[in-house]
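Data first, discussion second: the structure below is written as structure tokens.
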Amino acid sequence: MTNRINQLLTQTSNHILSIYFTAGYPNLNDTMKITERLELSGVNMIEIGMPYSDPVADGPIIQATSEKALQNGMSVSILFEQIKDLRQKVKIPILLMGYVNPFLQYGAENFLKKASEIGIDGLIIPDLPLELYQEEFESMFHKYNIKNIFLITPQSTDERIRKIDSISSSFIYVVASFSITGTKFGIEAQQESYFKRIVDLKLKNPTVVGFGINDKNSFEKTCKYSNGAIIGSSFLKHIEKNDITLDAIKSFVKGIKE
Amino acid sequence: MTKTMETNVYQVNEKGFYGDFGGAFVPEMLYPNIEELRKTYLSIINESAFQEELNILLKDYVGRPTPLNFAKRLSEKYQTQVYLKREDLCHTGAHKINNTLGQILLAKRLGKKRIIAKTGAGQHGVATATVCALMGFECVIYMGEIDIERQNPNVQRMKMLGATIRPATCGSRTLKDATNEAMRDWIANPVDTHYIIGSVVGPHPYPDLVARFQAIISEEIGIQLKEKTGNPDPTHIIACVGGGSNAAGAFYHYLDKKNVKLIAAEAAGQGVNSGYSAATTFLGKKGVLHGSRTLLMQTQDGQVVEPHSISAGLDYPGIGPMHANLFESGRAQFVDITDDESLKAAILLSRIEGIIPALETAHAIACLEKIKFSPNDIVVINLSGRGDKDLNTYIKSGIIDQKNE
């Protein structure tokens, strides 16, 4: 079965730009507008964040946008309704990122089935433990052709990284620093040695770097060692200031990619 | 073989679960921290040198064993035999220090230099700041902005002990938000920092680690009750449950003794169905909160609901996985106690026994009104903390000016 993430990674091996935004922010019904405009702006992949009340792996910016989105009334069901015609409009790979509790409350199988029908390509659920994924969910993800994306961090041992590589079949999400999203911007020398370590492991999966990537400079630096990068908090800050018009979104993407 | 299995029903299993509850639902960023603890905690805390150091400090510094106090007038009033396990007499005024002392000795052996913690009522924060001062560790305490306001004396105590207080300003600005902030700090500082969780919540091995350090409570109850009555087993043990650390400690050695009934008092706030409650077993469903699968108050969409209780220490939307299992299996009885009922119990205990209890503890005392005990029952109530910190709430409630009945 083909999957848009894998197609992208086969066609493009470098400078993949993935943008994260929180569904339901700034307004409840902005989800499709932002998604379409990101594609028109030349982004390669999109992560739609499902807001959660207790986002422990995220920093203050994503916590604040999540809070606002929840106040706006966003929920998993509403999100699925908003994006039900996604594939009539958008061609690039789309991932959903969120926390395990809403996923479980919706019902794991229901969630994956619905996401698959809509044309979602992957999920990122930071607090779904690898071991539990293998025991309870791996076969379901395969059945619905949804890729589960795992994170690795500077603290991950080589052994752990190899284990994650062995059960991944799209890309590995490389957490850039000892941090949470949107707190430590910039790429430091210490991180470069961590990126080199990952390159030297010669993993079978491509890698995409996230957490702390906020501008052209940090994007270029990470692309030296990986297939691309994910930007979230800094995009959210940009739309908070400049709105979600096509021009505003284009200017952000241009600032990174050109 | 069967016997081993039976005696382990209520304890954590090798995978970190209590029945369906528990586990370690942590982002990969926390995996190394949690793994380090999981792999080392049992061997470290079972070392004889560790035990010896801990026991000396528990005796000389905390003031253990805490008394088991026969409450004569309370017993007469309720026509039964009530014993109070006086954790309020621990150094710092609550049971919390049993755990923080154990964990700081563990942190020392793990080579950590810096301690972080989150606190609701401030009792755990004070207990953490205290042991950090004692052992010379840097100490950062996360606390919800609202809790900082309502627990000002404890905030000042922590500062006096040299701790840095960082307010949690997002969400409900109470305990659960402070928990998020503390987890983020740990993610950002994985190497030199140990996170002292103060309750039997969080990812495995924390619930088990904290329960083991609090188990001294039930160990002493057994010894003291045997001295007083000839039998180490009470008929009932009552404790309040927010996350549930004092209850875990009071229940620990009795978990497998079915002849001892376990009673957990939950904070019903303004009433279980009022929309302002923290009674998790009544209102919660299975889900994942702060790293473990447990019962938690949540919306249909799986968002965590903001709880309410007059008591900051019980104002938590979940309960420890051990307690979720005790509830599901029917091993413990859960009783809902409202804000008003806890206030009445607080004034009662003050007037009838000369003990001003913490608001959390008052929820346990209030169970005497709700459950009919027999004259021959031996009812041990875990008096988890003293009430000085709640004086403002007691004053505002107006109960202080009530005349004796």
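By convention in this document, chain letters (A, B, ...) are assigned in the order of the sequence lines, proteins followed by strands, and residues within each chain are numbered from 1. The structure presented is a predicted model; accordingly, all values stated were derived computationally and were not measured.
For the 3.5 Å distance criterion, the side chains of Glu360(B) and Ser311(B) qualify, holding a donor opposite an acceptor. A donor-acceptor pair shorter than 3.5 Å can be found between the side chains of His290(B) and Tyr316(B). For the 3.5 Å distance criterion, the side chains of Ser218(A) and Asn214(A) qualify, holding a donor opposite an acceptor.
Taking the six-membered ring for Trp and thresholds of 30 and 60 degrees, Phe141(A) and Phe103(A) have ring planes inclined between 30 and 60 degrees apart.
The contact between Val76(A) and chain B is made by backbone and side chain atoms together, counting heavy-atom distances below 4.5 Å. Both the backbone and the side chain of Leu151(A) come within contact range of chain B, judged by heavy atoms closer than 4.5 Å. Neither the backbone nor the side chain of Met50(A) comes within contact range of chain B; no heavy atom of the residue lies under 4.5 Å from a heavy atom of that chain. Of the two parts of Tyr106(A), neither the backbone nor the side chain holds a non-hydrogen atom closer than 4.5 Å to a non-hydrogen atom of chain B. If you measure heavy-atom distances from Pro55(A) to chain B, the contacts under 4.5 Å come from both the backbone and the side chain. Only the backbone of Ile152(A) comes within contact range of chain B, with heavy atoms under 4.5 Å apart.
Chain B is approached within less than 4.5 Å, heavy atom to heavy atom, by Pro126(A), Asp127(A), Pro129(A), Glu131(A), Leu132(A), Glu135(A) from residues 126-135 of chain A, ordered by number.
Side-chain contact between Phe211(A) and Ile187(B) is absent, with no heavy atoms from C-beta onward closer than 4.5 Å. Counting only heavy atoms from C-beta outward, the side chains of Tyr52(A) and Gln303(B) approach each other to under 4.5 Å.
Glu117(A) and Lys113(A) are joined by a salt bridge, as a carboxylate oxygen and a charged side-chain nitrogen come within less than 4.0 angstrom of each other.
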Atom pairs and distances, side-chain donor-acceptor, residues 18-38 of chain B, under 3.5 Å, sequence neighbours left out:
from: Tyr18(B); atom 1: OH; to: Asp208(B); atom 2: N; distance (Å): 3.4
from: Asp20(B); atom 1: OD2; to: Lys286(B); atom 2: NZ; distance (Å): 2.8
from: Glu28(B); atom 1: OE1; to: Arg160(A); atom 2: NH2; distance (Å): 3.1
from: Glu28(B); atom 1: OE2; to: Arg160(A); atom 2: NE; distance (Å): 2.7
from: Glu28(B); atom 1: OE2; to: Arg160(A); atom 2: NH2; distance (Å): 3.4
from: Tyr31(B); atom 1: OH; to: Arg160(A); atom 2: NH1; distance (Å): 3.0
from: Glu35(B); atom 1: OE1; to: Arg38(B); atom 2: NH2; distance (Å): 3.1
from: Glu35(B); atom 1: OE2; to: Arg38(B); atom 2: NE; distance (Å): 2.7
from: Glu35(B); atom 1: OE2; to: Arg38(B); atom 2: NH2; distance (Å): 3.4
from: Glu36(B); atom 1: OE1; to: Lys112(B); atom 2: NZ; distance (Å): 3.0

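Atom CG in Leu79(A) sits 12.0 Å away from atom NZ in Lys84(A) (nearest 0.5 Å).
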